[in-house]
Every structure is written in C-alpha cells, then in structure tokens.
Amino acid sequence: MRETKRESTQRAVEATPSLDRVFDLLSNRRRRYALYTLYEQSDDVATIDELTDCICAFDRQFAPSETTATDDLQQLVRTELQHVHLPKLEDAGVLEQDQRTETVRYWSQPTLEEWLEHAYHKEQRS
C-alpha cells in the first residue's frame with residue numbers, strides 16, 4: 001500500500017464514516033480490490049477498464065479457486081462494478097464516477113484508509 005502520507009483533496013469527505021459503514025464498504029472482496037487500486041493511483045483516478053483488470057488480477061491472486069474463465073470474469077467484474085460496488089462507494093462519498101469518460105475519482109478518507117491498509121496486509125498474508 002502507499003507509503004507516503006496522502007494529502008487531503010479538495011473534496012475530502014466532511015464527516016468521518018462510522019465504523020459500521022467502513023466495515024460494510026470493506027466487506028466485499030471486489031469492492032476492497034477496487035479501493036486498493038484507487039488508493040494506489042497517484043492522481044486518484046482510474047478508468048472502469050483499469051479497475052476491472054486490477055480486480056481480476058486480485059481475484060486470480062487472492063481467490064484463485066473462485067476465479068472463472070477470463071472473459072466471463074472480466075464481464076462479471078465490470079457489471080458488478082458499474083451496478084453494485086461503484087454506486088455504493090459513491091453513495092458513501094468515497095468516490096465520484098464520470099459516466100461520460102468512464103472514469104472514477106477517489107476521495108481521500110483517512111478512517112477508511114486505515115482499515116483498508118490493514119485489510120490489504122492481512123489479505124497478502126493469506
């Protein structure tokens with residue numbers, strides 16, 4: 001995970017999410033994988049295609065027994081992202097989607113990032 005201290009963005013979330021909200025956001029592995037990817041972006045922006053590719057790579061690394069054929073997995077992950085995970089993260093104020101350019105901008109959230117880093121390190125060891 002990112003070693004440098006993240007600077008606050010213009011649109012940092014005003015209120016700290018509750019612990020219940022943070023754990024809910026991190027409860028799904030593919031949503032975590034999307035957050036891992038966004039958190040590592042130097043400009044906090046990724047395309048839907050980049051997120052899809054990274055999530056599929058994490059799936060192959062962390063959950064190989066649950067991974068389906070590559071084309072099927074790509075389509076499944078993209079559909080889940082667009083209809084489930086990204087809207088949930090956007091509702092929580094963690095990111096913003098631009099449907100026209102198919103890009104996602106991550107908004108820094110220190111409380112979420114603390115648990116996200118912990119989850120990433122635990123997942124790496126599994």
Review point. How about Val104 and Leu86: do any of their side-chain heavy atoms sit closer than 4.5 Å?
Key: yes
Review point. Could you give the distance from CD (Gln124) to OH (Tyr36), rounded to the nearest 0.5 Å?
Key: 8.0 Å
Check your understanding: Nearest 0.5 Å, what's the NE2-CZ distance between His83 and Arg78?
Key -> 9.5 Å
Practice item. Sequence neighbours left out, what passes side chain to side chain contact (heavy atoms under 4.5 Å, CB included) with Glu114? Give chain and number order. Key: none
**Study point:** Test side chain to side chain contact (heavy atoms under 4.5 Å, CB included) applied to Phe58 and Arg32, step by step
**Key:** CA-CA 10 Å; Phe58 276 119; Arg32 282 193 310 277; over 6 Å; no
Point to revise | Check ion pair Glu90-Arg105 (N to O, under 4.0 angstrom) | key: no
**Study point:** Separation between CG of Leu76 and OG1 of Thr52, rounded to the nearest 0.5 Å
**Key:** 10.0 Å
**Study point:** Val84/Arg30 under side chain to side chain contact (heavy atoms under 4.5 Å, CB included): CA gap, chis, key distance, verdict
**Key:** CA-CA 10 Å; Val84 179; Arg30 289 189 176 138; over 6 Å; no
**Study point:** Asp53 and Gln74: side chain donor to acceptor below 3.5 Å
**Key:** yes
Check your understanding: Can you check whether Glu40 reaches Cys54 side chain to side chain, under 4.5 Å on heavy atoms?
Key -> no
Review point. Hey, what do you get for CD (Gln75) to SG (Cys56), rounding to the nearest 0.5 Å?
Key: 10.0 Å
Exercise for review: Measure up the Tyr33 and Phe62 rings against each other and bin them: parallel (under 30°), tilted (30 to 60°), perpendicular (over 60°).
Suggested key: tilted
Exercise for review: Could I get the full list of side-chain hydrogen bond (donor to acceptor under 3.5 Å, both in side chains) partners for Gln82, not counting sequence neighbours?
Suggested key: none
Check your understanding: How far does CD of Gln109 sit from CG of Leu89, to the nearest 0.5 angstrom?
Key -> 12.0 Å
Review point. Without hydrogens or angle criteria, can the side chains of Glu50 and Thr37 be said to hold a donor-acceptor pair below 3.5 Å?
Key: no
Practice item. Determine yes or no for a side-chain-to-main-chain donor-acceptor pair under 3.5 angstrom, with Arg31 supplying the side chain and Asp24 the backbone. Key: yes
**Study point:** Joint cluster assignment, Val45 & Leu51, ILVMFWY side-chain distance < 4.5 Å
**Key:** no
**Study point:** CG-CG distance between Leu35 and Leu116, expressed to the nearest 0.5 angstrom
**Key:** 5.5 Å
Check your understanding: Please walk me through it: do Thr103 and Ile48 pass side chain to side chain contact (heavy atoms under 4.5 Å, CB included)?
Key -> CA-CA 6 Å; Thr103 57; Ile48 302 290; over 6 Å; no
Practice item. Please list, chain by chain and in numerical order, all residues satisfying ring-ring contact (aromatic ring centres under 6.0 Å, His included) with Phe23, sequence neighbours excluded. Key: Trp115
**Study point:** Donor-acceptor side-chain pairing of Tyr106 and Glu113 below 3.5 angstrom
**Key:** yes
